[in-house]
Amino acid sequence: MSKKLQAIRGMHDILPDKTPLWQMLEKAMFDVCQQYGYREIRMPLVESSDLFCRSIGEVTDIVEKEMYTFDDRNGDSLSLRPEGTASCVRAGLEHGLFYNQIQRLWYQGPMFRHERPQKGRYRQFHQIGIECFGMSGAEIEAEVILMSYRLWKKLGLIDELKLEINSLGTSDERASYKKVLVEYFAQQPELLDEDSTRRLKSNPLRILDSKNPAMQALIEAAPRLIDSIGDESRQHFEQLQAYLQDAGISFSHNPRLVRGLDYYSHTVFEWVTSSLGAQGTVCAGGRYDGLIEQLGGKQTPAVGLAMGVERLILLLEQREWSTQQPLAYIVYQGDDARQQAMRLAETLRDELPGQGIILHCGDGSLKSQFKKADKTGAQFALVIGEQEVEREEVGVKYLRERRDQLQCPQNELASLLKNNS
């Protein structure tokens, strides 16, 4: 017996009962991006492995352990993209989008990381990302945060999420802070777990991200990055806070909020929730002025964010929500009625373009067709039999109300449905 075919572990089907939530989120994001003048960019799922080695770093967990990497038939090393920012920057460099230009871009789609699957974290996961290039002020950082805030309001999630912000200062200030941090942790090596011991040499800032309960007291007592930044960086951070306060957005300063990659600078932020257990971050972003130069371009200021779609869907599922049901289901009896039903369905779709019109296909008694109509959630069943064909009428049966079936001339049907929907 052949092995049963099923989805690969950590890669999930999104079934029709869930896709309306995804569509609602995607539509809300599209609307917000339109409001702010952002344009969509679409990048390939597969990139040169070197892109992620150069952007993310060869000594990171993503590159060392999590990327789906393979050699193609030409012997080139390729990888499924683990995140979107590097691909977006590569596309911008390749097509000359950054030269003396300001760009506001957004994208959506699947990413891939070989992690241990758990609730809210999958091996194929989906992100929506925003990337802005050519603007160095705190106002563009505030705009990106305001966009996410507007999205949460549209989705009814604003009460579920809290904003945390921090400043990483300049690259030189962060490099100085790293030395201070390494010196602090190196004095107490017995308190570091295995991951933190490894990160002490390769990526010491990520120690501050540790969720190990045994290390929290040590991390809390560590020197703060905000105390290592200069006046200009401090002023930049204060300006951001003033913009957010002026917009009425609540936030907290989390001095332990960091990014481990060297191209990040100044502002970093996260939207977090307590409703999803360990997977509490649903959106993260910050300024990454060093990445374009790191990938071979000229030094260009840049800000972005990425939100985890699956985690947002989990939050949306906890709330009451409904999807638009089809307006009408057309049932019929007889060959002449079948032909007329097909013409009627197309006419109604022309006249009521925002409504769902389902045509019964195949044979079956009227009773069985009515059962199928009811299952779809349609508001009306439209009935065509021999009598309706002769009189050019349609029987209108109310499926969600206790009302008598009525007969309606075909040329008046669209108006009746519109007025009763």
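Taken to the nearest 0.5 Å, the CG atom of L97 stands 6.5 Å off from the CG atom of L105. Remark: Q241 CD to I165 CD1 distance equals 4.5 Å, nearest 0.5 Å. To the nearest 0.5 Å, the span separating CG on L359 from CD1 on I384 amounts to 8.5 Å. Distance CG/L314 to CD/E160: 11.5 Å, rounded to 0.5 Å. A distance of 8.0 Å separates CD1 of I357 from CG of L344, quoted to the nearest 0.5 Å.
Every pair passing side-chain hydrogen bond (donor to acceptor under 3.5 Å, both in side chains) that includes a residue from residues 139-151 is listed here, sequence neighbours excluded: Y36-R150, Y38-E143, R104-E143, E141-H236, E141-T267, E141-R287, S148-W271. Sorted by first and then second residue, the ring pair (Phe, Tyr, Trp, His ring centres under 6.0 Å) pairs involving residues 179-210 (not counting sequence neighbours) form an empty list.
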Notebook entry, point to check: So L80 and Q124, side chain to side chain contact (heavy atoms under 4.5 Å, CB included) or not? Walk me through it.
Noted result: CA-CA 10 Å; L80 297 178; Q124 177 177 313; over 6 Å; no
Next item on the list: Decide yes or no on salt bridge (charged side-chain N to carboxylate O under 4.0 Å, His left out) for E164 and K162, but give the supporting numbers first.
Entry: CA-CA 7 Å; E164 297 181 350; K162 295 181 179 179; over 6 Å; no
Notebook entry, point to check: Is there a salt bridge (charged side-chain N to carboxylate O under 4.0 Å, His left out) between R198 and D195 once you walk through the steps?
Noted result: CA-CA 5 Å; R198 177 171 53 85; D195 273 347; 3.1 Å; yes
Margin query: Apply side chain to side chain contact (heavy atoms under 4.5 Å, CB included) to residues Q127 and Q108 and explain how you reach the verdict.
Written below: CA-CA 6 Å; Q127 284 187 343; Q108 61 179 328; over 6 Å; no
Which pairs would a plain distance check flag for residues 128-135, meaning a side-chain donor or acceptor within less than 3.5 Å of a matching protein atom at least two apart in sequence or in another chain?
{"from": "E131", "atom 1": "OE1", "to": "Y288", "atom 2": "OH", "distance (Å)": "2.5"}
{"from": "E131", "atom 1": "OE2", "to": "T85", "atom 2": "OG1", "distance (Å)": "2.8"}
{"from": "E131", "atom 1": "OE2", "to": "Y107", "atom 2": "OH", "distance (Å)": "2.7"}

Review item, side-chain donor-acceptor pairs of residues 168-177, under 3.5 Å, at least two apart:
{"from": "T170", "atom 1": "OG1", "to": "E173", "atom 2": "N", "distance (Å)": "3.2"}
{"from": "T170", "atom 1": "OG1", "to": "E173", "atom 2": "OE1", "distance (Å)": "3.4"}
{"from": "E173", "atom 1": "OE1", "to": "T170", "atom 2": "N", "distance (Å)": "2.8"}
{"from": "E173", "atom 1": "OE1", "to": "S233", "atom 2": "OG", "distance (Å)": "2.8"}
{"from": "E173", "atom 1": "OE2", "to": "G230", "atom 2": "N", "distance (Å)": "2.9"}
{"from": "R174", "atom 1": "NH1", "to": "Y264", "atom 2": "O", "distance (Å)": "2.3"}
{"from": "R174", "atom 1": "NH2", "to": "D262", "atom 2": "O", "distance (Å)": "2.2"}
{"from": "R174", "atom 1": "NH2", "to": "Y264", "atom 2": "O", "distance (Å)": "3.0"}
{"from": "S176", "atom 1": "OG", "to": "D172", "atom 2": "O", "distance (Å)": "3.2"}
{"from": "Y177", "atom 1": "OH", "to": "P223", "atom 2": "O", "distance (Å)": "2.7"}

For residues 28-35, tabulate all N or O donor-acceptor pairs below 3.5 Å that involve a side-chain atom, not counting sequence neighbours.
{"from": "D31", "atom 1": "OD1", "to": "K27", "atom 2": "NZ", "distance (Å)": "3.2"}
{"from": "D31", "atom 1": "OD2", "to": "K27", "atom 2": "NZ", "distance (Å)": "2.8"}

For a quick test of your reading: what N or O donor-acceptor pairs under 3.5 Å do the side chains of residues 290-299 make, sequence neighbours left out?
{"from": "Q294", "atom 1": "NE2", "to": "R54", "atom 2": "O", "distance (Å)": "2.5"}
{"from": "Q294", "atom 1": "NE2", "to": "S55", "atom 2": "O", "distance (Å)": "3.4"}
{"from": "Q299", "atom 1": "NE2", "to": "D289", "atom 2": "O", "distance (Å)": "3.1"}

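Ionic pairing of R90 and E94 is present here: one or more N-O contacts between side-chain nitrogen and carboxylate oxygen are shorter than 4.0 angstrom. Of the charged side-chain nitrogens involved, none lies within less than 4.0 Å of a carboxylate oxygen, so that D13 and K18 do not count as a salt-bridged pair. Contact check on R319 versus E317 returns no salt bridge, with no Lys/Arg side-chain nitrogen under 4.0 Å from an Asp/Glu carboxylate oxygen. Using a 4.0 Å cut-off between a side-chain N of Lys or Arg and a carboxylate O of Asp or Glu, R113 and E115 do not qualify as a salt bridge. Between D227 and R224 there is a salt bridge, since at least one side-chain N of the basic residue sits less than 4.0 Å from a carboxylate O of the acidic one.
Within 6.0 Å of CG on N419 lie more than 12 heavy atoms contributed by other residues, nucleotides or ligands. Crowding of Q23 atom CD: a count of heavy atoms from other residues, nucleotides or ligands under 6.0 Å exceeding 12. The number of heavy-atom neighbours closer than 6.0 Å to CD1 of I8, taken from other residues, nucleotides and ligands shown, is 12 or below.
If you check the side chains of R39 and Q103, you find a donor sitting under 3.5 Å from an acceptor. Using modelled atom types and a 3.5 Å distance limit, the side chains of E310 and H126 yield a donor-acceptor pair. Looking at S196 and D193, their side chains do bring a donor and an acceptor atom within 3.5 Å of each other.
In this structure, Y329 has its ring center at least 6.0 angstrom away from the ring center of F380. A ring-centre distance under 6.0 Å is not found for H266 and F237.
Among L315, L25, L21, the one residue that satisfies the side chain to side chain contact (heavy atoms under 4.5 Å, CB included) test with L155 is L25.
In this structure, R403 forms a cation-pi arrangement with Y398, its terminal cationic atom sitting closer than 6.0 Å to the ring centre and no more than 45° off the ring axis.
Here the closest non-hydrogen pair linking N166 and P255 is ND2-O, 3.3 Å.
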